[in-house]
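On a predicted model such as this, the values are computed, not experimentally measured, just so you know. Lettering follows sequence order; numbering is per chain, from 1.
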2 protein chains.
Amino acid sequence: MPSDWTLDPELARDTTEIGDLPLCRLLLNNDANYSWLILVPRQAGAIELIDLSDADRTRLMQEISVTSLALRKITSCDKLNVAALGNRVRQLHFHVLARFTNDAAWPNPVWGQAPARDYDPKKREQLIRALRLELAIAAARM
Amino acid sequence: MPSDWTLDPELARDTTEIGDLPLCRLLLNNDANYSWLILVPRQAGAIELIDLSDADRTRLMQEISVTSLALRKITSCDKLNVAALGNRVRQLHFHVLARFTNDAAWPNPVWGQAPARDYDPKKREQLIRALRLELAIAAARM
């Protein structure tokens, strides 16, 4: 990993750190409307998926999958949404979202719908702890 | 490939077929506001990314990459957007979009913004031909 990677300041401001996977920093978006993860490959300068090497793209897909499985297990969501847009924040980042048919934006994509809602700090801590546990279990199996 | 896969009727209605990659059927969305590709893994019953095998997910990431490269080369777009949402159409499908800072939705995601605009049939045919050529070149290199 290049040592000059740093997290985009806007992503840092709007999220809570969960931890580092082999490639990505895993973040929880500070919006209690949704259970919304963001994966940021720790590769300086990457903006598009195609800026990553083949090996890193395969690794990213694995990390999207393992976080998707953990998120679905914890939330029992109706649908997962995954996306890399980056029209506002350029640093390559991948959204992994748990969606419910009664959530604040369903069936629309979440962007630009309901204003962000603050987490109850205890509930956020519970969710992060549950995610770390599921990801540790998944890592132990691999 | 299972023989019982068929393209979702809504996707079929709203798109023009470009061709089959090893895993995915590649479609052009019939909306001239954007150059908008849709990749549909030909695996019956798949709804989420995590419904695919590891090997198919790696293959899907390769097909997203090769179509992204072709699309950027042809359009000289400012940004690529990639997403698998599936809140309305359940069949697993992946959007790959060329975005411009002066397009009909920028910087928002495209869904639910401008109404779809019909293609000039000649321009659509040109775009599809250019994409097939780029993808053939990419395949020959692999």
Just jot down the side chain to side chain donor-acceptor pair (under 3.5 Å) partners of T58(B), sequence neighbours excluded, or say none.
-> none
Winner by heavy-atom pair count (cut-off under 4.5 Å) against chain A, out of R90(B), H95(B), Q62(B), R88(B) | R88(B)
Which region of L49(B), side chain (C-beta onward) or backbone (N, CA, C, O), has a non-hydrogen atom less than 4.5 Å from a non-hydrogen atom of chain A, or is it both or neither?
-> side chain
Side chain of W106(A), backbone of N87(B): donor and acceptor closer than 3.5 Å?
-> no
Quick one: does E48(B)'s side chain have a donor or acceptor within less than 3.5 Å of a partner on L80(A)'s backbone?
-> yes
Please answer whether the main-chain N or O of D31(B) pairs with a side-chain N or O of N29(B) as donor and acceptor at a distance below 3.5 Å.
-> no
Does some side-chain heavy atom of R99(A) sit less than 4.5 Å from a side-chain heavy atom of V110(A)?
-> yes
Members of residues 66-73 of chain B whose heavy atoms come closer than 4.5 Å to chain A = S68(B), L69(B), R72(B)
Counting heavy-atom pairs under 4.5 angstrom with chain B, the leader among G112(A), P107(A), A83(A) is P107(A)
Look at the side chain of E63(A) and the backbone N and O of C24(A), then say whether any donor-acceptor pair between them is shorter than 3.5 Å.
-> yes
Is it true that R57(B) and D54(B) make a salt bridge, defined as a side-chain N closer than 4.0 Å to a carboxylate O?
-> yes
Crowding at CG, D120(A) (>12 non-hydrogen neighbours, <6.0 Å) | yes
Side chain, backbone, both or neither: which part of I47(B) has an atom under 4.5 Å from a heavy atom of chain A?
-> both
